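Beneath this line is the structure, given in structure tokens, with notes to follow.
Predicted model, so just to flag it, every value in this text is computed and none were measured. A, B, ... follow the sequence lines: proteins, then strands. Residue 1 opens every chain.
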Amino acid sequence: MGIDLSASERRDSGVCLMDNLRVRTFRAKRDEEIIALVRKFRPKLVAIDAPLSLPLSNEGLRQCDRELLKRGVRVFPVNFRAMKQLTERGIRLKALLEAEGFKVIEVFPGGAQDVLGLPRKRNNLAGLREGLRQLGLRGVKPDATHDEIDAVTAAYVGWLYLNGLVELISDGQGGGIVMPLPYPPKFVSGVSLYRKGFYWHAHEAWEEVWREADEPYRSFLKGLIQTAAALIQCDRGKWKGALNLIGRVQRYLSRCPPKLWGVDVVNLLAQVRTFHKEVSKLAEGRKTQFNWRVKPRITLEGATVPFKERLRRSKTDLPERQKGVMLANHV
DNA sequence: GGACTCACTTGGCGCGACGT
DNA sequence: ACGTCGCGCCAAGTGAGTCC
């Protein structure tokens, strides 16, 4: 659940419920109304768009705010009435929700939109709505208010958090702002699909990025795409085909610099060599069963939250069946 | 009464003007 | 040529005023 909190209980706050990228939005004024929605839907995570800690001493900016500024993301200082009021409300709401066992994180939709390459609501609300749709979100009302749109963005960052695709910008006080990883969103969603065993869909997501990419990213993406293709061949027991693809993966990746978009390419290449050895044994008949543990793992630098890796290919990862529905559910 | 606009809040940064 | 100063912009939110 994402909440675009307003400072005053007299004004609307936006609330977004998200289930596998399908969203429903609500508006609520009082804390009690917001808490009632949380109790009703019992989300895995509540992502609140409001500062959830105050700056030390009388400064206007926290450690995380300064870090964002350094990265070119503009933030508002917290030391005047409206922002203080918002922060105090955020902290109060967080405490109330945590007391009931809900997990709460701080997010910053404006900054997240910058990182995801989306326009901010003030500049282009329609463009923001369309950008969210392109990220795979479904169910955003055409007449959704800017509060609701920011709540959707907050929920999306929460979803990325649950999938291990975010970084925590520390406030130096044990908390901080959860932000999307600063890599191309389609690339990141490909990584997510790959981890979940949707190799065909991962391949499609990466291919979309590849079409517009320049070297060395082209070679890097080609390497990832062929890795996904090789795993599909392994799933079908086609060892020769897999071996062919893995050979190409090694050539593509060895052309790359040691680190790209947060991926340790040297480490990935080492994993691909192990993968190659395993498939060689199968191709030569020295082994009969593929050990899925050799599936190369793609880890992204800066990601703070662990994720689940699915080794075998997902049963629903089929290109011909209900592609639209599947992408909506799994991207 | 709702939707919209405007002015105001703080802090940092970029840019142009000016000084040495 | 380089350093410094000050202005304007902008970030997210409130609240008052205006219009329909």
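Near DNA chain B, meaning a heavy atom under 4.0 Å from it, residues 4-11 of chain A has no residue at all. Within residues 45-56 of chain A, no residue is approached by DNA chain B to less than 4.0 Å at the level of any non-hydrogen atom. Within residues 105-118 of chain A, the residues having any heavy atom closer than 4.0 Å to DNA chain C are, in order of number, A:F108, A:G110.
Nucleotides of DNA chain C with any atom under 4.0 Å from a heavy atom of chain A span, from 5' to 3', C:dC9 to C:dG15.
A side-chain N or O of A:T153 and one of A:Q113 form a donor-acceptor pair less than 3.5 Å apart. A donor-acceptor pair shorter than 3.5 Å can be found between the side chains of A:E130 and A:Q134.
Partners of A:E88 by salt bridge (Lys or Arg N to Asp or Glu O under 4.0 Å), not counting sequence neighbours: none found. Residues meeting the salt bridge (Lys or Arg N to Asp or Glu O under 4.0 Å) test with A:D31, sequence neighbours left out: A:R89, A:R92.
Applying the side-chain hydrogen bond (donor to acceptor under 3.5 Å, both in side chains) definition to pairs two or more places apart or across chains, those involving residues 209-218 of chain A are A:E215-A:S219.
Look at A:R27 and A:D147 and you find no salt bridge, because none of the NZ, NE, NH1 or NH2 atoms lies under 4.0 Å from a carboxylate O. For the pair A:E278 and A:K287, the salt-bridge criterion is met [side-chain N within less than 4.0 Å of a carboxylate O].
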| remark: Its contact letters, B for base, S for sugar-phosphate only and - for none at protein heavy atoms under 4.0 Å, make nucleotides 8-16 of chain B read -BBBB----

Can you give the donor-acceptor pairs under 3.5 Å from side chains of residues 264-272 of chain A to other protein atoms, not counting sequence neighbours?
| unit_1 | atom_1 | unit_2 | atom_2 | d |
| --- | --- | --- | --- | --- |
| A:D264 | OD1 | A:V266 | N | 3.3 |
| A:D264 | OD1 | A:N267 | N | 3.1 |
| A:N267 | OD1 | A:Q271 | NE2 | 2.8 |
| A:Q271 | OE1 | A:R297 | N | 2.7 |
| A:Q271 | NE2 | A:R297 | O | 3.1 |

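Helix-axis bend for the helix from B:dG1-C:dC20 to B:dT20-C:dA1: the local axis fitted to the five terminal pairs at one end deviates from that at the other end by 40°, rounded to 10°.
Residues A:L37 and A:W159 do not share a hydrophobic cluster, defined by chaining ILVMFWY side chains whose heavy atoms lie under 4.5 Å apart.
The hydrophobic cluster analysis finds A:Y252 isolated: no Ile, Leu, Val, Met, Phe, Trp or Tyr side chain comes under 4.5 Å of it, directly or through other members.
Rounding to the nearest 0.5 angstrom, the gap separating the CG atom in A:D4 from the CG atom in A:D49 is 4.5 Å.
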Output a table of nitrogen or oxygen pairs between the protein and nucleotides 3-5 of chain B separated by less than 3.5 Å.
none

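A cation-pi arrangement is not found for A:K94 relative to A:F102, the charged atom failing to lie both closer than 6.0 Å to the ring centre and inside a 45° cone about the ring normal.
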